[in-house]
Amino acid sequence: MKIGMIGTGWFSEMHCNLLEQMEGVHVSAVCGTSMEKAERLAGKWRNVSAYENVENMLDQEKLDAVYICVPPFAHGEMEKSVIARNIPFFIEKPIALDDQLPAELYAHIQEKSLITSVGYHFRYTDAAQRALKLLQGRTVGMALGTWMGDMPRVGWWRKQEGSGGQFLEQTTHMVDLLRYTLGEVTEVYAAYANRVMHQVEEGVTVADVGTVTLKLASGAVANISNTCIVPTSGQVGLHIYTDQGVMEIHSNQLVDRTKGETYTLQNQSNPYVHENEAFIHAVRTGDTQHIRSTYQDAIQSQRIATAALHSAATGVPVKL
């Protein structure tokens, strides 16, 4: 299988490394915003062509699938080019800055019945899979999600028109994990503020603190809060409060505290490996059952993030 990689950042390199370890899979082309960036990444493996134009790469290479790993502001034309050529694609989250573009793209994806996968890797963790089983038979009252840390030191991230803000660019993982484990969200109310980062870094237009209250279709309620002002090690995870105790889902483990007992499960497998294997298997065989986040599904997580941004701007709840 020949794979094309759009993007030259950390996630692109990580996916390339994993793909190159898979039998019968080769990253044959890399496209970057400059030939220098593309050649730098392509040069890490043998027989990889470098491009600085997506159209040229897609026209000159016979690709079985494409990976799209670019910042939120860059989405749109590259997806249209890939879809127009009927090429299955894996895309890193978030899938856009708004929810209009994903809706437009999905209409074309649906027309062509394209296989897609989105990089919500928390779904592929051992912790999330075990949580799904343990939650069966329990009544969930509420959940608290957090993404507390520092600000990524890349220029586009600190600009609202570049990243869409922390809740959309980072905390979307907790939103998606909430949906995956507890079901769909029906209403969103958010409050954001700029407290620190605009005073210590140049050009910061994203909120650096935020809290979002969510109502779920099940009747449960949730809150997901984030900040990028913390200079020390951060706190990322989802706490679920049920009639049997408290469950914590973290990036590396699950902790389930019930009456008189604490159960801990450390992740043993690599979720990034699982999501790549699921996508490549689907492209090879047409069997998509192992893909846990399709483009269609990711649109729902995207809608929650954009609804939160609208709510924070207007001061009123948004119904989904």
Side-chain angles (χ1 to χ4, degrees), residues 3-9 11-12 15 29-33 51-59 61 63-121 123 156-157 160-165 167-173 175-176 179-180 184-185 188 275-276 278-280 282-283 286 288-310 318 320:
I3 310 297
M5 182 66 62
I6 302 175
T8 57
F11 270 101
S12 296
H15 284 300
V30 170
C31 184
T33 54
Y51 295 87
E52 59 180 345
N53 181 278
V54 171
E55 295 281 342
N56 289 344
M57 182 182 78
L58 298 178
D59 287 341
E61 304 283 338
L63 301 172
D64 297 296
V66 168
Y67 277 60
I68 302 174
C69 306
V70 299
F73 71 86
H75 290 291
E77 293 306 314
M78 60 186 65
E79 286 95 332
K80 292 176 184 178
S81 297
V82 171
I83 294 168
R85 292 167 174 78
N86 297 311
I87 303 175
F89 66 92
F90 179 105
I91 183 170
E92 272 299 340
K93 45 49 64 187
I95 55 177
L97 282 174
D98 56 27
D99 51 10
Q100 287 81 32
L101 175 62
E104 176 189 346
L105 294 176
Y106 180 65
H108 298 300
I109 292 169
Q110 197 172 25
E111 286 174 7
K112 297 177 178 291
S113 300
L114 274 186
I115 292 172
T116 61
S117 183
V118 181
Y120 280 113
H121 69 276
R123 294 188 176 212
W156 58 264
W157 199 96
Q160 186 63 36
E161 67 272 20
S163 66
F167 194 79
L168 184 144
E169 208 285 323
Q170 282 183 328
T171 317
T172 183
H173 276 302
V175 172
D176 189 75
R179 289 185 53 243
Y180 187 58
E184 296 301 340
V185 172
V188 176
E275 67 179 3
N276 278 284
F279 175 65
I280 295 300
V283 174
T288 61
Q289 65 176 319
H290 302 296
I291 294 177
R292 295 175 186 162
S293 180
T294 62
Y295 196 90
Q296 179 184 16
D297 189 275
I299 286 176
Q300 302 307 313
S301 295
Q302 181 77 11
R303 288 181 66 212
I304 294 168
T306 55
L309 187 62
H310 181 74
V318 175
L320 297 176

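- The nearest pair of heavy atoms linking Leu97 to Thr306 is O-CG2, 4.0 Å.
- No donor-acceptor pair closer than 3.5 Å links the side chain of Arg179 to the backbone N or O of Val175.
- Of all heavy-atom pairs between Gln302 and Pro102, the closest is CG-CG, 4.3 Å.
- A ring-centre distance under 6.0 Å is not found for Tyr180 and Tyr120.
- Going from atom CD1 of Ile87 over to atom NZ of Lys112 covers 10.5 Å, rounded to the nearest 0.5 Å.
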TODO: Give the C-alpha distance, both sets of side-chain angles, the deciding distance and a yes or no for side chain to side chain contact (heavy atoms under 4.5 Å, CB included) between His15 and Glu275.
DONE: CA-CA 10 Å; His15 284 300; Glu275 67 179 3; 3.4 Å; yes
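- Of the possible polar contacts, one joining the Thr116 side chain to the Tyr295 backbone as a donor-acceptor pair under 3.5 Å is found.
- Ile280 is listed as a side-chain neighbour of Ile3, based on a closest heavy-atom distance under 4.5 Å.
- To the nearest 0.5 angstrom, Gln110 atom CD is 12.5 Å from Leu105 atom CG.
- A distance-only check finds no donor-acceptor pair linking the side chain of His75 to the backbone of Ile68 [under 3.5 Å].
- Contact check for Trp156 versus Pro72: side-chain heavy atoms found under the 4.5 Å cut-off.
- Judged by distance alone, the side chain of Glu61 and the main-chain N or O of Leu58 form no donor-acceptor pair under 3.5 Å.
- Partner of Phe89 under the side chain to side chain contact (heavy atoms under 4.5 Å, CB included) criterion, out of Ile83, Leu63, Val118: Ile83 alone.
- Shortest non-hydrogen contact noted between Leu168 and Ser163 is CD2-O, 3.4 Å.
- With 3.5 Å as the limit, one finds no donor-acceptor pair spanning the side chains of Asp59 and Tyr51.
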Task: Residues Lys80, His108; criterion side chain to side chain contact (heavy atoms under 4.5 Å, CB included); working and verdict - done: CA-CA 8 Å; Lys80 292 176 184 178; His108 298 300; 5.8 Å; no
TODO: May I have the step-by-step check of side chain to side chain contact (heavy atoms under 4.5 Å, CB included) for Glu79 and Ile109, ending in yes or no?
DONE: CA-CA 10 Å; Glu79 286 95 332; Ile109 292 169; over 6 Å; no
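- Closest approach of Ser301 and Asp176 over heavy atoms only: OG-OD1, 2.8 Å.
- Atoms OG1 and CG, on Thr294 and Leu114 in that order, are 12.0 Å from each other to the nearest 0.5 Å.
- Between Tyr67 and Phe90, the ring planes are parallel. Angles under 30° get that label, and only those over 60° would be called perpendicular.
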Open item on the list: Quick one, His121 with Glu92, criterion side chain to side chain contact (heavy atoms under 4.5 Å, CB included). Give me CA distance, side-chain angles, the key distance, then yes/no.
Closed with: CA-CA 9 Å; His121 69 276; Glu92 272 299 340; 6.0 Å; no
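- Among all heavy-atom pairs drawn from Leu101 and Ala96, the shortest one is CD2-CB, 4.1 Å.
- Here the side chain of Thr288 pairs no donor or acceptor atom with the backbone of Ile291 at under 3.5 angstrom.
- Checking Arg123, Arg292, Lys93, Arg303 one by one against Asp297, the salt bridge (Lys or Arg N to Asp or Glu O under 4.0 Å) holds for a single residue, Arg123.
- The two atoms that bring Ala308 and Val188 nearest to each other are CA-CG1, 3.7 Å, heavy atoms only.
- The backbone N or O of Glu55 lies less than 3.5 Å from no partner atom in the side chain of Ser81, so there is not a single donor-acceptor pair.
- In terms of modelled atom types and a separation under 3.5 Å, the side chain of Gln300 and the main chain of Glu184 share no donor-acceptor contact.
- Contact check for Ile299 versus Ile95: side-chain heavy atoms found under the 4.5 Å cut-off.
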